[in-house]
Amino acid sequence: MADNGNPYRPIKTSVLEVIPETPTIKTLRLKPDEPISFVPGQFIELTVPGVGEAPFTPSSHYSVKDELKVSVMRVGKVTEKIHALEPGDTVGLRGPFGSAYPLDTFVGKEILVVGGGCGFAPLRSLMYALFDRSAEFKKLLFRGGCRNPGELLYRGEIAEWGKRSDLDLVLTVDNGDSEWQGPVGVVTTILDNLPMNCREGVAIVCGPPVMMKFATKKLLELGFAEDHIFLSMEKNMSCGLGKCGHCRLGEYYCCKDGPVFPYSSIKGFGNIWE
Amino acid sequence: MQYIAEGNSVELLRRISGTYEVYAPRKNARGYSLERWNSSAAPITMGGARMSEPLKAFFFQPRQLVAENFSPNIPPLSGKPRCIVGVKACDLAGLEFLDRVFNAPEDRDPFYARVREQTLIIAADCTAALDTCFCLALGIDPFPKKNFDIALSPVNGGYLVETGSEKGRDIVTSHSNLFTEPDEAVLSKREEQRARVKRDAASRIDECGVPSVTSSEQWIARHYESELWKEEAKPCVECGACNTICPTCHCFLLYDQMQGGQLARYRTWDSCLYKDFARVAGGGNPRHVLWMRLRNRFEKKFDYAPKVLGQTGCTGCGRCVAACPGKIDIRNVLKRLATHG
Ligand code: SF4
Ligand code: SF4
Ligand code: FES
């Protein structure tokens, strides 16, 4: 929590740039009046003055403190207004909230990152952190999927990732087009025959709920341990303070105890995928 | 312990009202309600049972401005601090619950904390139980034991006085001429009276068969998929009255508007029975069916709260029983949770 006395007030923030990514996703480059530092896994609340707040996970590098980027999919009232923002507009930011990916516990292990659709956005800041420390991990794999090539987020940047020697990258789309040369099918179809020892490895999953559900099922079948599968849970986060009650998941508040949870700690609760 | 005669107690309130805005219970057609008190007002009802409304609105307003523009300042409090008189044991427990949510030492809500700190709580014994009272099932006796500044037990036309905080002790010490030492007879009279009210409260519980809720931890897990939720939720019209009237319900909504060209953020009471309470922006809703939301209300109070906050989220006040237009009776649900399936 930003310790500014009033936990509900947003920090005044300028929109520096609006980058169209896909037909439904735009990335905002933001400069808050006071620096906000986050670690991968945490989220912030973005305010459009007079309209409301919505939670997002920054997609930029965690070490850049004076600016941050968020990628926003247009799905509702607040995101509609976010898409209408232009450089020079004023917004607000609150946070960061929640817990981080436990990167230190990944040292010496093989790591699989599975992303789907808009889940690429929060994963980008995680990937930056993993790249920075890649020598400490045994192996790094990224498996991503989205509906069609046009919806692939950060396409140019991810193409560059494909050239990295410290990353094994495979992307798939549900429906290909004339240019698409990669595999076609949902993300679970590219999880077979992973070049890693799943029983010893760590998996991180982020994406739409249905994708997370089936990816988790698949990872369990592949032999990943329940406490080595880390899920980024999307709940209706609002206050970020563990008080408004909106984001409860079993014995946890997603905004404080999550949003990243090992599967083992939440599997017993009802309706986790909805 | 001290004793204060009826006349002196009015004098004490008169003196307190120099510093505090005093609210005291008054009997009306609906039961007991808190009203602004002044020394010329009609006599207050110190005993009786709980007030119709819980105390939470004093500390956690139904609608409160929590941020203006981008200012880190907290809008200042206006007026005198409040003194609330005649608070009963169930509502003291409700306050303790809200303290756990909004006033945990490492994680205070500044809006709640500052009002809580400056408010003076004068509690009182219940002298009768209402039909809907089931405090005993929650392990709460119908007389104040903690969470008060001063507690009064009506005996022999005056009150036995206990203090529960530095603030309370200061008040009693600085007006010591109004108090006397109680004699043995008064003390034993109080015990007799408390035992009688406790029997009265126990008989209400026996009448409707509410089980003891002090060991409810497995109830929800055991009945998670039970038909009972669907059956119980049938008459619910999603009005949220049960949440509004509940002393422990604390969920809120943040909503923003423009006011004079500036951002104004309000915090308002919310209800977990409303359809969109847990809905995410992408459209997913973990509790899209009403009975799931009713189950959630019980899960939060009787499973989450004892496990995580260390206190059950129900005080047995019975207000939701009286408030529900669908006549959903929490006592009945608890009975089913304890016995059914
Ligand atoms: S759930 Fe009902 S009986 Fe229990 S504290 Fe809330 S209003 Fe009172
Ligand atoms: S008071 Fe009754 S009808 Fe209204 S939301 Fe609560 S349970 Fe449903
Ligand atoms: S967002 Fe309010 S409790 Fe988690």
Side-chain angles (χ1 to χ4, degrees), chain A residues 1-13 33-34 45 47-55 72-73 75-79 90 92-94 117-118 208-210 234-253 256-257 268-274, chain B residues 60 64-75 101-102 104 107-112 220-221 224-225 243 249-259 261-267 270-272 276-288 292 295-296 299-300 303-304 307-308:
Chain A
M1 183 182 103
D3 186 21
N4 55 29
N6 183 347
Y8 300 105
R9 77 103 185 197
I11 291 172
K12 192 174 180 187
T13 298
D33 278 5
E34 299 154 37
E45 288 279 347
T47 301
V48 182
V51 179
E53 258 190 338
V72 178
M73 180 149 82
V75 287
K77 185 183 83 164
V78 179
T79 53
T90 297
L93 285 176
R94 240 167 19 99
C118 55
V210 193
E234 188 202 11
K235 290 288 154 207
N236 182 14
M237 263 91 88
S238 170
C239 71
L241 309 166
K243 302 196 190 310
C244 77
H246 282 264
C247 69
R248 191 175 63 79
L249 178 65
E251 285 162 38
Y252 302 111
Y253 278 131
K256 276 183 81 175
D257 308 306
F269 307 141
N271 289 22
I272 62 171
W273 304 116
E274 278 185 83
Chain B
F60 168 46
Q64 175 157 34
L65 182 66
V66 290
E68 263 181 307
N69 218 10
F70 296 100
S71 164
N73 299 334
I74 295 179
V101 175
F102 291 114
D107 194 14
R108 285 187 212 285
D109 179 273
F111 295 89
Y112 180 92
I220 301 294
Y224 202 74
E225 302 297 342
N243 299 115
C249 278
H250 63 84
C251 291
F252 61 80
L253 186 75
L254 292 175
Y255 85 86
D256 292 359
Q257 60 187 53
M258 290 307 266
Q259 224 163 261
Q262 292 197 333
L263 161 74
R265 173 162 294 163
Y266 286 88
R267 181 171 79 177
D270 204 355
S271 165
C272 60
D276 283 348
F277 183 82
R279 183 183 173 276
V280 297
N285 188 342
R287 299 191 283 277
H288 54 278
M292 294 177 174
R295 177 178 67 188
N296 170 72
E299 185 184 351
K300 171 82 184 270
D303 197 73
Y304 174 89
K307 280 184 191 151
V308 179

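Each chain gets a letter, A, B and so on, in the order its sequence line appears, and its residues count up from 1. These numbers come from the heavy atoms of this one structure, side chains and all, not from hydrogens, waters or symmetry mates.
Contact annotation for B:Asp276: only backbone heavy atoms (N, CA, C, O) come within less than 4.5 Å of a heavy atom of chain A. For chain B, no part of A:Pro209 is nearby; none of its heavy atoms comes within less than 4.5 Å. Residue contact with chain A, scored on non-hydrogen atoms closer than 4.5 Å, involves the backbone of B:Asn69 exclusively. Of the two parts of B:Val66, the backbone and the side chain both hold a non-hydrogen atom closer than 4.5 Å to a non-hydrogen atom of chain A.
Between A:Tyr253 and B:Tyr304, the ring planes are tilted. Angles from 30° to 60° get that label.
Your options are A:Lys243, A:Glu53, A:Glu251, and the one with the most heavy-atom pairs under 4.5 Å with chain B is A:Lys243. Chain B forms the most heavy-atom pairs under 4.5 Å with one residue out of A:Gly268, A:Cys247, A:Cys244, A:Gly250, and that residue is A:Cys244.
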Inset, instruction - Carefully, step by step, assess A:Glu34 and A:Arg9 under the rule salt bridge (Lys or Arg N to Asp or Glu O under 4.0 Å). - result: CA-CA 13 Å; A:Glu34 299 154 37; A:Arg9 77 103 185 197; 3.1 Å; yes

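For B:Gln64 and A:Tyr8, the side-chain atoms include no donor-acceptor pair closer than 3.5 Å.
Side-chain atoms of A:Thr79 and A:Met73, non-hydrogen and from C-beta on, never get closer than 4.5 Å to each other.
Put simply, the side chain of B:Asp256 never gets that close to the backbone of A:Val48: no donor and acceptor are under 3.5 Å apart.
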